[in-house]
There are 2 protein chains.
Amino acid sequence: MRNAEFDRAQVLRGAMSAFMHKGYTKTSMQDLTQATGLHPGSIYCAFSNKRGLLIAAIEQYQQDRNEQFKLIFSDSRPVLGNLKTYLDNIVVECVSCDSQQACLLTKALNEIAAQDDEIQGIISQNLKLWQNALTAQFELATTQGLLQGDLNSEQRAQYLMMGIYGLRTFAHTHPQAEILQQLADKLFTDVCR
Amino acid sequence: MRNAEFDRAQVLRGAMSAFMHKGYTKTSMQDLTQATGLHPGSIYCAFSNKRGLLIAAIEQYQQDRNEQFKLIFSDSRPVLGNLKTYLDNIVVECVSCDSQQACLLTKALNEIAAQDDEIQGIISQNLKLWQNALTAQFELATTQGLLQGDLNSEQRAQYLMMGIYGLRTFAHTHPQAEILQQLADKLFTDVCR
DNA sequence: CTCATTCTTGAATGTGCATTCAAGATATTC
DNA sequence: GAATATCTTGAATGCACATTCAAGAATGAG
């Protein structure tokens with residue numbers, strides 16, 4: 001007979017940020033109470049435990065990214081231009097690296113997926129959705145006659161994802177905008193060949 | 001008046017393997033005593049602490065990789081063939097993923113570099129050496145007239161490293177040899193363009 | 001063979017952490 | 001406005017872990 005007081009999305013974004021900042025293992029519950037504004041009891045009541053909070057945060061992350069994706073790939077503009085914008089955004093994200101603006105999915109994948117099959121599954125599924133969305137864009141571009149090489153749309157999407165993963169890791173040692181932009185530009189060219 | 005009994009390289013390879021398997025934070029000292037065959041006291045005597053052991057393991061990793069690199073890029077064979085072999089080896093490594101056969105450097109980079117400037121520096125330096133070695137190979141190929149595009153050797157090396165990082169991450173969700181080989185092949189083509 | 005030095009052993013220490021829980025606060029219902 | 005149900009609070013719990021250290025074992029020198 002009483003509703004929870006906190007805003008779930010808000011809380012999860014706080015947790016997301018904490019996890020991206022320090023990584024899952026090194027983020028303590030104390031960090032999380034601070035990042036979410038919730039007391040331990042509330043977190044355990046709402047998300048079972050730290051792991052549950054991570055899973056919920058991943059879900060929220062996926063939703064937020066999906067919104068952003070739909071915003072960029074609006075149907076009204078040319079496909080390849082949207083794709084370029086998308087990549088440029090990632091470069092900006094990498095440069096403005098307010099300490100580890102990495103993708104939560106890949107970060108969690110690198111850190112814990114090997115230890116936890118369920119989380120591995122969840123992340124794989126989310127990345128698959130992302131890949132499918134990219135494949136659909138390449139398919140669209142192909143039907144519009146914008147792509148001619150002998151790669152199919154799925155292969156292009158895979159190559160692009162590989163490139164984005166790499167770009168993010170590369171940014172850790174080379175946070176300079178110029179270099180990253182150059183790499184992203186070539187990636188764009190190569191994936192459209 | 002008495003020498004240490006253990007083989008340093010052997011011990012460090014054990015530690016390397018443990019760190020790659022579970023990640024730095026989640027690898028306990030108990031794991032490390034098992035992986036190295038050393039008792040806690042010996043580890044602390046030889047490497048100060050867990051962090052010191054990681055740093056020593058990274059050093060050893062770099063040495064081992066360097067050996068392997070020199071072996072593949074022997075001067076007597078054609079440069080681009082060597083490069084292809086190198087990439088194919090990485091694919092094999094990714095496929096045979098006996099749980100996280102990731103590169104220790106990139107794994108540590110993803111996990112802890114943001115938290116620890118000294119380790120960040122060490123890893124960056126090692127990756128830089130690696131990049132320089134690749135650059136030299138591209139330079140060699142260029143002087144032999146094998147490469148014509150408008151990229152310089154450093155840019156090629158950077159792009160290749162980006163691709164390799166990405167390939168390794170991609171392998172976590174797609175461990176199939178076919179797919180990875182396809183991606184590696186295209187990466188090779190694009191980097192030589 | 002004996003002594004001195006160095007290495008090895010692994011139980012003990014203290015700390016930091018995830019998790020729990022009972023008391024208190026707040027809303028909703030009748 | 002009382003009663004009830006639900007949520008919030010944060011100190012208490014117990015465990016896992018990195019680290020220490022003192023006793024024991026092995027080696028080399030004389």
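Keep in mind that what you see is a predicted model, and the values were worked out from it rather than measured.
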- d(CG, B:Asp31; C1', D:dA18) in whole Å: 13 Å

- Return the minimal non-hydrogen interatomic distance between B:Leu147 and B:Cys192, and the atom names on each side. CD2-O, 3.3 Å

- Closer than 4.0 Å, any side-chain N/O of A:Tyr44 to the OP1 or OP2 of C:dT19? yes

- Query: Checking all strands, does A:Thr27 fall into the base, sugar-phosphate, or nothing category for heavy-atom contacts under 4.0 angstrom?
  - Reply: sugar-phosphate

- Query: Within the structure, does a side-chain N or O atom of B:His39 lie under 4.0 Å from either OP1 or OP2 of C:dG10?
  - Reply: yes

- Give the rounded distance in Å between these two atoms: CG of B:Leu32 and P of D:dC17. 11 Å

- Does a donor on one side chain and an acceptor on the other come within less than 3.5 Å for A:Gln120 and A:Asp116? no

- Closest heavy-atom pair, B:Ala157 versus B:Thr135, reported as atoms and distance to 0.1 Å, is CB-OG1, 3.3 Å

- Query: For A:Gln125, does the CD atom sit with more than 12 other heavy atoms under 6.0 Å from it, leaving out its own atoms?
  - Reply: no

- Roughly how many Å is it from CG in B:Asn49 to C1' in C:dG14, rounded to a whole number? 17 Å

- Query: Within this structure, what is the CD-to-P distance between A:Gln34 and C:dC17, rounded to whole angstrom?
  - Reply: 13 Å

- Query: If you check the B:Lys50 side chain, which of C:dT19, D:dA18, D:dT20 turns out closest?
  - Reply: D:dA18

- Task: To the nearest Å, give me how far apart CD1 (B:Ile43) and P (D:dC17) are.
- Result: 14 Å

- Atom pair distance, as rounded to whole Å: CD in B:Gln30 and P in D:dA18: 9 Å

- Message: Side chain of A:Met29, heavy atoms from C-beta onward: which of D:dT9, C:dT19, C:dG10 has the nearest atom to it?
- Response: C:dT19

- Query: Nearest to the side chain of B:Ser42, which nucleotide is it out of D:dG10, C:dT9, C:dG10?
  - Reply: C:dT9

- Query: Which residue, A:Thr25 or A:Gly41, contacts DNA chain C at a nucleotide closer to its 5' end, judged by nearest heavy atom?
  - Reply: A:Thr25

